[in-house]
> 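Questions regarding the structure given below will be posed in turn.
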Amino acid sequence: LPHKGWKHEDASVAMFQYMLEENSDVREAIKAGLSEDDVMFIEEQIAGPKDTEQGDWPYKGRPREKSYLYEIVANRRNGIDVDKWDYLARDSHFLGIPMSFDHKRIMTFARVLEVDGKKTICARDKEVHELYEMFSTRNSLHRKAYKHKTTRIVERMITEAFVEANDHIRIQGTGGRSMLFVGCMELWTGDYHLTFQTIEDVRSH
């Protein structure tokens, strides 16, 4: 695809910004309870972790003294974060694959400590088994689902079908406008919707 540099995190930030710009009720509610730094902090959490080991502090929403806050959603340091717990729990449930670790226990015994002059989220040594089970669950899901040969084949088939259909099927939006698949990837207005009907349209062609 021509948009190889596209990342879903960037799209999510853009949609969040659009939500604030176009919905006055939401915007006013957020302004009433959150500062500009708070909104920036939310966007930074959505965008994902940056390299904090080199040079100046890369974030604007919170100062370096609050560095541990950037380990909650997406932890670049060790990969132990709530984003991972969320998809491991959800995917294990719907795939019928047992999840053998207790994320609530890990949170209960986690503490913020200063390590090498930097505040960071640390786990108790006695929780090493829970952490091992967490990464074991992740490995199991990758082997049995995410990177299973059948999954990869189906993903490739759907991708090729969308590429072939790009010049032939237009996605209908508001006001009678229409757009190609690739154009929808850059549009955050919510005017265009890719649904299961879109897949049926591709199949029918």
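Quick caveat, the model's predicted, so the values are computed rather than measured.
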> Would you say the side chain of His148 lies within less than 4.5 Å of the side chain of Arg143, judging by non-hydrogen atoms?
no

> If hydrophobic clusters are built from ILVMFWY residues whose side chains come within less than 4.5 Å, do Met107 and Phe135 share one?
yes

> How far apart are the C-alpha atoms of Lys31 and Asp38, what are their side-chain angles, what is the distance that settles it, and do they pass the salt bridge (charged side-chain N to carboxylate O under 4.0 Å, His left out) test?
CA-CA 10 Å; Lys31 282 185 177 180; Asp38 293 332; over 6 Å; no

> Do Asn75 and Pro49 come within less than 4.5 Å of each other through their side chains, counting heavy atoms only?
no

> Hydrophobic clustering (ILVMFWY, side-chain heavy atoms < 4.5 Å, transitive) - are Trp57 and Ile121 grouped together?
yes

> Mind checking side chain to side chain donor-acceptor pair (under 3.5 Å) for Arg77 and listing every partner two or more places apart, or none if nothing turns up?
Glu71, Thr120

> Drop me the distance from Phe109's CZ to Ile106's CD1, to the nearest 0.5 angstrom.
11.0 Å

> Quick one: pull up NE2 in His103 and CD1 in Ile80 and give me the separation to the nearest 0.5 Å.
14.0 Å

> Of all heavy-atom pairs between Arg76 and Asp51, which one has the smallest distance, and what is that distance?
NH1-N, 3.0 Å

> Hey, is Arg64 close enough to Asp56 for a salt bridge, meaning N to O under 4.0 Å?
no

> Taking 4.0 angstrom as the limit, do Arg156 and Glu160 come out as a salt bridge?
yes

> Report yes if the side chains of Ser136 and Phe101 come closer than 4.5 Å at any heavy-atom pair, otherwise no.
no

> Looking at Glu164, I want to see if its CD is surrounded by more than 12 non-hydrogen atoms of other residues, nucleotides or ligands under 6.0 Å.
no

> To the nearest 0.5 Å, how far apart are CG in Leu131 and CZ in Arg124?
12.5 Å

> For a 4.5 angstrom cut-off between non-hydrogen side-chain atoms, does Arg27 reach Ser24?
yes

> Measure the spacing between OH of Tyr146 and OG of Ser140 and express it to the nearest 0.5 Å.
9.5 Å

> Would you say Arg138 and Leu88 make side-chain contact, with heavy atoms under 4.5 Å?
yes

> Indicate yes or no: at least one non-hydrogen side-chain atom of Val115 is less than 4.5 angstrom from one of Cys122.
yes

> Would you confirm whether the ring centroid of Phe41 sits within less than 6.0 angstrom of the ring centroid of Tyr70?
yes

> Taking side chain as C-beta onward, heavy atoms only, is Ser92 less than 4.5 Å from Leu141?
yes

> Any chain of hydrophobic side-chain contacts (each under 4.5 Å) joining Val73 to Met40?
no

> Linking I/L/V/M/F/W/Y whenever their side-chain heavy atoms sit closer than 4.5 Å, directly or via other members, would Tyr87 and Ile97 fall into one cluster?
yes

> Output the distance between atom CD (Glu133) and atom CE (Met99), rounded to the nearest 0.5 Å.
11.0 Å

> Ion pair present between Glu127 and Arg105, side-chain N to carboxylate O less than 4.0 angstrom?
yes

> To the nearest 0.5 Å, what is the distance between OG (Ser67) and CD (Glu114)?
9.0 Å

> If you draw a 6.0 Å radius around NZ in Lys84, do more than 12 non-hydrogen atoms from other residues or ligands fall strictly inside?
yes

> For Lys119 and Glu65, run side chain to side chain contact (heavy atoms under 4.5 Å, CB included): C-alpha distance rounded to whole Å, both residues' side-chain angles, the deciding distance at 0.1 Å, then the answer.
CA-CA 7 Å; Lys119 290 184 178 180; Glu65 294 74 31; 5.6 Å; no

> Using links of under 4.5 Å between side-chain heavy atoms of ILVMFWY residues, direct or through other members, which residues join Phe16 in one cluster?
Val13, Met19, Leu20, Val26, Ile30, Leu34, Val39, Ile42, Ile46

> Any chance OH of Tyr132 has more than 12 other-residue heavy atoms, nucleotides or ligands included, within less than 6.0 Å?
no

> Mark yes when over 12 heavy atoms from residues, nucleotides or ligands other than Lys118 sit less than 6.0 Å from its NZ; otherwise mark no.
yes

> Do Val82 and Ile72 have side chains that get closer than 4.5 Å, going by heavy atoms?
yes

> Examine distances only and state if a side-chain atom of Thr151 and a backbone atom of Lys147 form a donor-acceptor pair shorter than 3.5 Å.
no

